[in-house]
Number of protein chains: 2
Amino acid sequence: MLRTGSDAASLIMEVVPLVMSYIRTEMRNQRLPGLSIPQFRSLIYLYRHEDASLSQVAEHLGLQLPTTSKTIDALVTRKLVIRSEYPEDRRRISLKLSATGLEELKRSRHITEARLIEKMNILTAEQQSGIAISLATLRTLFVDLNKSKNNDKITGGSDG
Amino acid sequence: MLRTGSDAASLIMEVVPLVMSYIRTEMRNQRLPGLSIPQFRSLIYLYRHEDASLSQVAEHLGLQLPTTSKTIDALVTRKLVIRSEYPEDRRRISLKLSATGLEELKRSRHITEARLIEKMNILTAEQQSGIAISLATLRTLFVDLNKSKNNDKITGGSDG
DNA sequence: TATTGTTATACTCTATAACTATA
DNA sequence: TATAGTTATAGAGTATAACAATA
């Protein structure tokens with residue numbers, strides 16, 4: 001069977017919201033207040049990028065600045081993120097994970113991922129591998145959503 | 001490189017929200033009021049399942065009944081969906097796409113998919129094919145979210 | 001009693017517009 | 001003028017609880 005970009009696009013439209021719905025429900029069902037998905041994603045970004053600015057977080061998340069500001073604000077209130085000044089450019093803020101934030105990130109990630117891993121293990125090793133590779137490829141396509149369009153072939157994902 | 005269910009799960013947590021964010025923005029940026037994602041998904045379901053009940057739609061979408069009720073209500077108000085009685089069981093309602101709903105579904109799908117297809121076409125044919133296969137596999141894992149856990153190996157996707 | 005669906009209520013996510021402070 | 005971020009406001013998406021109608 002020949003599959004084209006159109007098939008892949010159609011499946012993205014169908015499957016991504018489906019899986020998203022699952023993730024959202026899982027995260028909400030954790031005990032302790034838990035993290036929302038944007039909160040969770042923000043923490044992951046800050047885990048990887050020390051001293052990020054709000055704009056950087058917003059761009060990575062594909063959200064507007066006010067939306068991101070509120071999201072981060074909630075995390076600061078919960079003491080999961082530390083917001084401090086950035087002397088080199090006093091318009092900017094500097095964001096980083098607190099020790100508590102790191103713990104919460106690990107805890108939350110572990111619980112939700114555990115359920116996903118169960119599901120993945122229903123699949124064969126080849127299927128799991130194919131999914132990992134495909135998702136890494138998609139990540140390269142969709143990171144930095146607001147950036148320019150690159151027309152070269154992409155060679156799969158790195159990072160981790 | 002060996003990839004496990006844990007790699008796949010981790011990538012799902014990272015990439016699915018990323019792509020979701022892209023889809024949401026694209027759908028919102030269409031001219032004419034356009035469809036929200038749950039509305040869009042509801043129409044797709046009704047396109048495939050004539051005379052569905054509200055519960056069936058809710059289960060497919062992985063949403064609670066009141067949430068789904070409101071979503072459908074908006075579609076009925078916009079005359080994209082026809083809600084009628086179901087004489088065999090008068091507690092139920094019968095939902096189906098109107099002619100307008102079908103048109104709107106096609107239009108909305110076409111616009112958003114066109115952007116996705118552009119992105120897919122940055123990739124090689126093999127990458128596109130791998131993504132399509134992986135997503136079809138994921139679909140089989142996540143459809144009917146509230147159903148029992150099946151422990152057999154799954155053989156990829158059918159349907160379309 | 002159990003099931004199907006709606007209404008009431010509240011909270012989160014998201015956006016745009018208007019604003020402040022800094023460059 | 002331009003950029004970084006916040007505040008104000010509004011709308012959509014989601015949930016739980018309480019309810020009505022039917023089985």
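Since we're looking at a predicted model, the values are computed, not measured. Hydrogens, waters and symmetry mates play no part in the numbers below; they use all other heavy atoms, side chains included. First the proteins, then the strands, lettered A, B, ... as listed; each starts at 1.
- Between the CD atom of A:Glu85 and the C1' atom of D:dT6 there is a distance of 15 Å, given to the nearest Å.
- Formation of a donor-acceptor pair under 3.5 Å by the A:Thr77 side chain with backbone atoms of A:Asp73 is found in this model.
- Proximity of A:Ser36 to the phosphate of C:dT12: no side-chain N or O atom is located under 4.0 Å from OP1 or OP2.
- In this structure, CD1 of B:Ile93 is placed 16 Å from P of D:dA21, rounded to the nearest angstrom.
- Atoms CG and OG, from B:Leu46 and B:Ser98 in turn, are 10.0 Å apart once rounded to the nearest 0.5 Å.
- Put simply, the side chain of A:Thr67 and the base of C:dA15 share a donor and an acceptor less than 3.5 Å apart.
- Side-chain proximity of A:Leu63 to the nucleotides D:dT6, C:dG5, C:dA15 is greatest for C:dA15.
- Among the protein residues, B:Asp73 comes within range of no part of the nucleic acid, since none of its heavy atoms lies under 4.0 Å from any strand.
- Of the candidates C:dT12, C:dG5, D:dA2, C:dG5 carries the atom nearest the B:Leu65 side chain, counting heavy atoms from C-beta on.
- Contact annotation: B:Ser69 reaches the phosphate of C:dT6 (side-chain N/O to OP1 or OP2, under 4.0 Å).
- Remark: the A:Lys70 side chain and the C:dT12 base include no donor-acceptor N/O pair separated by less than 3.5 Å.
- Nearest-nucleotide mapping onto DNA chain C: of A:Glu88 and A:Pro38, the residue sitting toward the 5' end is A:Pro38.
- One can place CZ of A:Arg28 at 12 Å from C1' of C:dA10, the figure rounded to the nearest angstrom.
- Each of A:Ala52 and A:Arg24 was assigned the nucleotide of DNA chain D with the nearest heavy atom; the assignment lying further toward the 5' end belongs to A:Ala52.
- Side-chain atoms of A:Asp7 and B:Gln128 include no donor-acceptor pair closer than 3.5 Å.
- Side-chain nitrogen and oxygen atoms of B:Thr68 include none within less than 4.0 Å of the OP1 or OP2 phosphate oxygen of C:dG5.
- Proximity note for B:Arg90 (side chain, C-beta onward) versus D:dT22, C:dG5, C:dA15: the nearest is D:dT22.
- Within 4.0 Å (heavy atoms only), B:Ser53 reaches sugar-phosphate atoms of the nucleic acid but no base atom.
- Phosphate contact (OP1/OP2 of D:dT22, side-chain N/O of B:Arg92, threshold under 4.0 Å): absent.
- Rounded to whole Å, the distance from CE on A:Met27 to C1' on C:dC13 is 14 Å.
- Taking the six-membered ring for Trp and thresholds of 30 and 60 degrees, B:Tyr22 and A:Phe142 have ring planes more than 60 degrees apart, a perpendicular arrangement.
- Positionally, the nearest nucleotide of DNA chain C for A:Gln64 lies more toward the 5' end than for the other of A:Gln64 and A:Arg91.
- The side chain of B:Arg83 places an N or O atom within less than 4.0 Å of a non-bridging phosphate oxygen (OP1 or OP2) of C:dT6.
- A salt bridge links B:Arg48 and A:Glu14; the closest N-O separation between the charged side-chain nitrogens and carboxylate oxygens is under 4.0 Å.
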